[in-house]
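Just follow the structure's listing: the first ligand is 1, and inside any ligand the first atom is 1. Residue numbers start at 1 and run along the sequence shown.
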Amino acid sequence: MLTDDRVRVAVFVSGGGTNLQALLDASKYGQLPSAEIALVIADRPDAGALERAASAGVVGAVVAPGKMFTERLREVLSSHMIEMVVLAGYLQKIPEAIVDRYEGRMINIHPSLLPKFGGKGWYGLRVHRGVLEQGEKATGATVHVVTAEFDDGPIILQKSVDVRDGDTPESLQERVKVEAEWQILPAATEQVAAEIVAGQR
Ligand code: GRF
């Protein structure tokens, strides 16, 4: 552990960052006593999430994929003394060396009840379209530990959301975010951070 008794967390983002916002809000309202959101890493400079980070006074960095991706990620993570990673709508595959470095300390949010609608190719609206096409009555979101495989790894928290008549992929995506993702991502982040503080991870 470094500095105080809070774990220094980096959040990886590619898009608008509503899940990042849920984390920033949870932190602001004292719901993340074991975690400090210390850094936001985007894979592109126009990720809206970077503006959310700036508004909250959190350092943002852009690390675009390409040459020396692993080395550049490693450098920014270690220069900010990051101890835990949260993938919150991050579309790149994390290099294996980074997954190994944060074994058991890197989590991801996925918008389905894994293992359903998970794995390569299942992301964004495709997930919700799949749920509707297969006539599922319920869907939801999952936070899991990141391993070398997409959407694999032990599940930490899941929350289910009913599918309603007349749902579209867009309406389902929105409800899954509001009712499930924004609830379980802060909760799982705190849970894992508290376990790190307690020396259990
Ligand atoms: C969320 O649906 C998350 O589950 C998935 O990517 C989306 C990111 O949305 N991994 P946002 O950028 O947090 O709004």
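Of all heavy-atom pairs between Ile109 and Ala141, the closest is CD1-CB, 4.3 Å. In terms of heavy-atom proximity, Ile184 sits nearest to Lys159 at CG2-CB, 3.7 Å.
Residue Asn108 has no N or O atom closer than 3.5 Å to an N or O atom of ligand 1. Backbone and side-chain nitrogen or oxygen atoms of Ile109 are examined, and one is located within less than 3.5 angstrom of a nitrogen or oxygen of ligand 1. Taking distance alone, with nitrogen or oxygen atoms compared against 3.5 Å, Gly17 approaches ligand 1 more closely than that limit. Of the polar atoms of Tyr90, none of the N or O atoms is found under 3.5 Å from an N or O of ligand 1, judged by distance alone.
Contacts between Lys177 and ligand 1 below 4.0 angstrom, taking non-hydrogen atoms only, involve the side chain exclusively.
Partner Leu87 forms a side-chain contact (heavy atoms from CB on, under 4.5 Å) with one of Ile41, Ile107, Ile94 and no other, that one being Ile94.
Of all atoms in ligand 1, numbered sequentially from 1 with element shown, those under 4.0 Å from a heavy atom of Thr18 are 11 (P), 12 (O), 13 (O), 14 (O). Each of the atoms 12 (O) of ligand 1 lies under 4.0 Å from some heavy atom of Gly16.
Considering only non-hydrogen protein atoms, atom 4 (O) of ligand 1 sits nearest to Glu181 OE1, 2.8 Å. The protein non-hydrogen atom at the shortest distance from atom 7 (C) of ligand 1 is Gly89 CA, 4.1 Å.
Both Leu73 and Ile82 are members of a single hydrophobic cluster when ILVMFWY side chains are connected at heavy-atom separations under 4.5 Å. Hydrophobic clustering keeps Ile155 apart from Val192 (ILVMFWY residues linked when any side-chain heavy atoms are closer than 4.5 Å, directly or through intermediates).
For Glu195 and Arg201, the salt-bridge test passes: some basic side-chain N is under 4.0 Å from an acidic carboxylate O. No salt bridge links Asp162 with Arg175; every basic N to acidic carboxylate O contact stays at or beyond 4.0 Å.
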